[in-house]
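To start, the structure under review is shown below, and the notes come after it.
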Amino acid sequence: MKKVLEEELIYEILSVVEEIPEGTVASYGQIARLIGRDRNARLVGRVLSMAQFYGNYPCHRVVNHAGRTAPGWGQQRFLLEEEGVIFKDNGCVDMKKCQWDCE
DNA sequence: GCGGTGACGGCCT
DNA sequence: AAGGCCGCCACCG
């Protein structure tokens with residue numbers, strides 16, 4: 001029953017994403033590490049893409065390690081800016097100030 | 001079973 | 001974290 005494990009993975013990811021405070025962003029690897037799947041960061045991204053279909057989760061607060069927003073989803077930048085997240089001219093988030101401190 | 005791809009990460013420049 | 005390169009893991013044809 002791997003399907004159950006898959007749903008558990010989704011639940012863990014969504015739980016972490018739900019914990020991300022406003023005006024802050026987290027990287028896929030950050031979340032992946034919190035759920036014990038540090039090598040499966042890509043899977044986190046895949047789940048996040050489906051997360052918006054699963055429910056109203058702040059998946060827009062999740063970016064890659066470069067601070068870049070998801071491709072094919074330009075509105076994400078707008079949503080983050082509205083929450084107070086600083087974006088650089090090249091389209092990267094100011095991680096130094098806005099990266100979520102999950103400690 | 002194989003090869004290519006990706007909402008990625010880490011190291012190097 | 002600004003850009004380039006290689007490596008990992010899971011999914012798809």
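All chains are named by letter (A, B, ...) in the order of the sequence lines, taking the proteins before the strands, and each is independently numbered beginning at 1.
- Within the 4.0 angstrom heavy-atom criterion, no nucleotide atom of any strand lies near Gln99(A).
- Of all heavy-atom pairs between Thr24(A) and Cys98(A), the closest is CG2-O, 3.0 Å.
- A continuous path of hydrophobic side-chain contacts links Val47(A) to Leu34(A) [ILVMFWY only; heavy atoms under 4.5 Å].
- dA10(C) atom P lies 13 Å from atom CD1 of Ile13(A), rounded to whole Å.
- Stem list for DNA chain B (at least 3 consecutive Watson-Crick or G-U pairs, distances under 3.5 Å): B:2-6 with C:9-13, B:8-13 with C:2-7.
- Rounded to whole Å, atom P of dA1(C) lies 6 Å from atom CE of Met95(A).
- Computed from coordinates, the Leu14(A) CG to dA7(B) P distance equals 18 Å when rounded to whole Å.
- At least one side-chain heavy atom of Cys59(A) sits less than 4.5 Å from a side-chain heavy atom of Trp73(A).
- Computed from coordinates, the Ile86(A) CD1 to dA1(C) P distance equals 13 Å when rounded to whole Å.
- Checking dA2(C), dA1(C), dA7(B) against every side-chain atom of Lys88(A), the shortest atom distance belongs to dA2(C).
- Side-chain contact check for Leu80(A) versus Arg61(A): some heavy-atom pair is nearer than 4.5 Å.
- Rounded to whole Å, atom P of dA2(C) lies 12 Å from atom CZ of Phe87(A).
- Separating the CG atom of Asn40(A) from the P atom of dG7(C) is a distance of 19 Å, rounded to the nearest angstrom.
- Within the 4.5 Å cutoff, side-chain heavy atoms of Arg37(A) are placed close to those of Leu9(A).
- Proximity of His65(A) to Tyr28(A): side-chain heavy atoms (C-beta onward) are nowhere separated by under 4.5 Å.
- Rounded to an integer number of Å, the gap from NZ of Lys97(A) to C1' of dA1(C) is 13 Å.
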* What does nucleotides 8-13 of chain B look like as a protein-contact string, B for base, S for sugar-phosphate only, - for none, at under 4.0 angstrom between heavy atoms? -> BBB---
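- Nearest heavy atoms, Cys92(A) versus Ala66(A): SG-O, 3.7 Å.
- Distance, Leu9(A) CG to dC9(C) P: 15 Å, rounded to whole Å.
- For the pair Arg46(A) and dC12(C), the criterion of a side-chain N or O lying under 4.0 Å from OP1 or OP2 is met.
- Across every non-hydrogen atom of Phe87(A) and Glu81(A), the tightest pair is CD1-CG, 3.7 Å.
- With a 4.5 Å cut-off on side-chain heavy atoms, Gln76(A) and Val63(A) count as touching.
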